[in-house]
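As structure tokens, the structure follows; a few thoughts come after it.
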2 protein chains.
Amino acid sequence: MQFKKVIMTQPKTRERIEEKADTLFYENGFEATSFADIAEAVGISRGNFYHHFKSKDDILDAVIRRRLAKTRCMLGEWEADAPPKARILSFIRILLTNQTKIMAFGCPVGTLTTELAKLDHVAHERAADIFTLFRDWLAEQFRALGHDDAKALALHLLGRTQGITVMASTYHDEDYLASEVAALEGWLDALSDKPSLKG
Amino acid sequence: MQFKKVIMTQPKTRERIEEKADTLFYENGFEATSFADIAEAVGISRGNFYHHFKSKDDILDAVIRRRLAKTRCMLGEWEADAPPKARILSFIRILLTNQTKIMAFGCPVGTLTTELAKLDHVAHERAADIFTLFRDWLAEQFRALGHDDAKALALHLLGRTQGITVMASTYHDEDYLASEVAALEGWLDALSDKPSLKG
DNA sequence: GACAAATTAGGACGGCTGTCCTAATTGCTG
DNA sequence: CAGCAATTAGGACAGCCGTCCTAATTTGTC
């Protein structure tokens, strides 16, 4: 019954640590988030951490793995009986879905990747993998729409959304965000007419 | 002769502290840069700091003020006997001028603003002022080109460049950077033909 | 050269960091 | 209920953080 024990008991505390660490890393940054912060948010003792994770970097790994999984899940949902163009639209509209958090803290993926790059952290590549997940998925959709420069289009769209999150959080301006999302939708529409222009 | 003393002696050490702090904040982040780091880079004692700055936030203020001044200076240079469109092009091409640093650390303005937003730091607005400097200057150029949505165009261009810096530093991909700069130049060209489309 | 001011070096300080250890508690198994 | 494993709490630890103080040194002026 050893197996059952591992499966049944781990999820509770470990899962809660990952969850709280995830949001704290997002809202306050990885470096600025201390063990004490996470412990307080979860409601456990500091010393207890090392039974679940062997270091802070280990928690970061878990958080990134968690985000990768959630992203895969979200992309999967967008594929449900929707044509490629509608799928790309779903991607664009997370800017509106997560509007409040984006205007306060920017993009979870972009800001983490940027911070880890400055820290010369080994996990930087792992964090970039989340971007790669989006990129490859978007490229697949563009390819389905008949574009042969699908990867470049995917990267272009990723960059556009990243820029929007940076400026939206800088000025906390929801009108800017809305108008840029509209512009992005217009770009996607125009793309159908002339399949090789990036605009 | 008190006046002369203040003018002549201050610039040396204080200026060097600001300079080193500026690059360290850029390359490693504000939070991750310690007093010891700056002291070592400048080559002075830690305790000596408080004769020039009264706190770390005070150094941050000085760094931001310094960046504002340098930005104003740069914008001024771009105005030298060049038509508005060429001035905007100068802005776009800093992405190529600073290519190496951007691919390693992203945009100095964007990354600092993002970090300060997460830290809930009072200096966030001051950092955003650097963006505003660019925005207003760009809007002025777009207005000179006959666009009535000049401010929106300026914000759009700022966002585009920010997104490019994020993705370029994520993947360290100079081909992406080059092609996006080309796309941005194409966008600027197309803008001349139909003055009210954002693309 | 004497004197005062500006500048510097070096260390003390309380507090927080990530890490680790140990003892107590809980929960499951037989 | 006994016994064992999993989990927890709490604190010790070395080290670094930003801050502050004091004493020594340098600098410029009369």
Side-chain angles (χ1 to χ4, degrees), chain A residues 1-22 24-25 27-64 115-116 118-123, chain B residues 1-22 24-25 27-64 115-116 118-123:
Chain A
M1 298 303 110
Q2 197 180 6
F3 187 61
K4 190 182 174 188
K5 246 189 283 182
V6 172
I7 289 281
M8 295 297 288
T9 57
Q10 289 271 43
K12 254 202 305 225
T13 304
R14 194 189 154 93
E15 176 77 17
R16 265 166 52 214
I17 293 176
E18 289 184 12
E19 186 187 322
K20 294 293 183 181
D22 194 342
L24 284 171
F25 288 174
E27 299 183 358
N28 302 334
F30 168 69
E31 183 91 350
T33 300
S34 72
F35 264 69
D37 294 333
I38 306 173
E40 192 190 356
V42 178
I44 60 168
S45 165
R46 264 176 307 115
N48 186 14
F49 263 104
Y50 285 75
H51 189 262
H52 302 278
F53 302 93
K54 71 177 199 291
S55 70
K56 194 184 177 187
D57 289 352
D58 207 35
I59 299 184
L60 178 60
D61 266 355
V63 166
I64 293 176
E115 184 182 358
L116 295 181
K118 280 183 199 287
L119 295 177
D120 247 327
H121 200 288
V122 279
Chain B
M1 297 305 108
Q2 198 181 2
F3 186 62
K4 189 182 174 188
K5 245 188 283 180
V6 171
I7 291 283
M8 295 297 288
T9 57
Q10 290 269 43
K12 253 200 308 222
T13 305
R14 193 188 157 95
E15 177 76 18
R16 264 166 51 214
I17 293 175
E18 290 183 12
E19 188 187 321
K20 294 293 184 182
D22 193 341
L24 284 172
F25 288 173
E27 299 183 358
N28 302 335
F30 168 69
E31 184 93 348
T33 300
S34 72
F35 265 69
D37 294 332
I38 306 174
E40 192 190 356
V42 178
I44 61 168
S45 165
R46 268 178 303 113
N48 186 14
F49 263 104
Y50 286 74
H51 189 261
H52 302 278
F53 302 93
K54 71 177 198 293
S55 71
K56 195 184 178 189
D57 289 352
D58 207 35
I59 299 184
L60 178 59
D61 266 356
V63 167
I64 293 176
E115 184 183 358
L116 295 181
K118 280 183 199 288
L119 295 177
D120 247 326
H121 200 288
V122 279

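The sequence lines fix the lettering, A, B, ..., with proteins before strands; numbering per chain opens at 1.
Within the helix from C:dG1-D:dC30 to C:dG30-D:dC1, the inter-axis angle between the opening and closing five-pair segments is 10°, rounded to 10°.
Atom pair B:Phe35:CZ and C:dA12:P shows a separation of 19 Å (rounding to whole Å applied). Remark: P of D:dC21 and NE2 of B:His51 are 14 Å apart, rounded to the nearest angstrom. Taking atom NE2 on B:His121 and atom P on D:dG18, their separation rounds to 12 Å, with Å as the unit. Distance OH (A:Tyr50) to P (C:dC21): 11 Å, rounded to an integer number of Å. Here the P atom of nucleotide C:dT7 and the CD1 atom of B:Ile17 are 11 Å apart, to the nearest Å. Residue B:Phe53 contributes atom CZ, which lies 16 Å from atom P of D:dC20 at whole-angstrom precision. In this structure, CD1 of B:Ile38 is placed 17 Å from P of D:dC16, rounded to the nearest angstrom. In this entry the distance linking CD of A:Glu31 with P of C:dC16 reads 17 Å, nearest Å.
Although no hydrogens or angles enter the test, the distance criterion places no donor-acceptor pair under 3.5 Å between the side chain of B:Lys20 and the main chain of B:Gly43.
Going from atom NZ of B:Lys56 over to atom CD1 of B:Ile38 covers 7.0 Å, rounded to the nearest 0.5 Å. Going from atom CD of A:Glu18 over to atom CD1 of A:Ile64 covers 11.5 Å, rounded to the nearest 0.5 Å. The line from NZ of B:Lys118 to CD of A:Glu31 is 13.5 Å long, rounded to the nearest 0.5 Å. Rounded to the nearest 0.5 Å, atoms CG (B:Asp22) and CG (B:Leu60) are 10.0 Å apart.
Among residue pairs with one or both ends in residues 37-46 of chain A, those qualifying as side-chain hydrogen bond (donor to acceptor under 3.5 Å, both in side chains) are A:Ser34-A:Asp37; sequence neighbours excluded.
Residue B:Ser34 places at least one side-chain N or O under 4.0 Å from the OP1 or OP2 atom of D:dC17. For C:dT7, neither phosphate oxygen OP1 nor OP2 lies less than 4.0 angstrom from any side-chain nitrogen or oxygen of B:Thr13. Taking 4.0 angstrom as the limit, A:His52 places a side-chain polar atom (N or O) nearer than this to OP1 or OP2 of D:dT8.
Side-chain contact between B:Val63 and B:Ile59 is present, with heavy atoms from C-beta onward closer than 4.5 Å.
Within residues 42-49 of chain A, the residues that place at least one heavy atom under 4.0 Å from DNA chain D are, in residue-number order, A:Ile44, A:Ser45, A:Arg46, A:Gly47, A:Asn48.
Note: B:Phe35 and B:Tyr50 have parallel aromatic rings, judged against thresholds of 30 and 60 degrees for the angle between ring planes. Between A:Phe25 and A:Phe30, the ring planes are perpendicular. Angles over 60° get that label, and only those under 30° would be called parallel.
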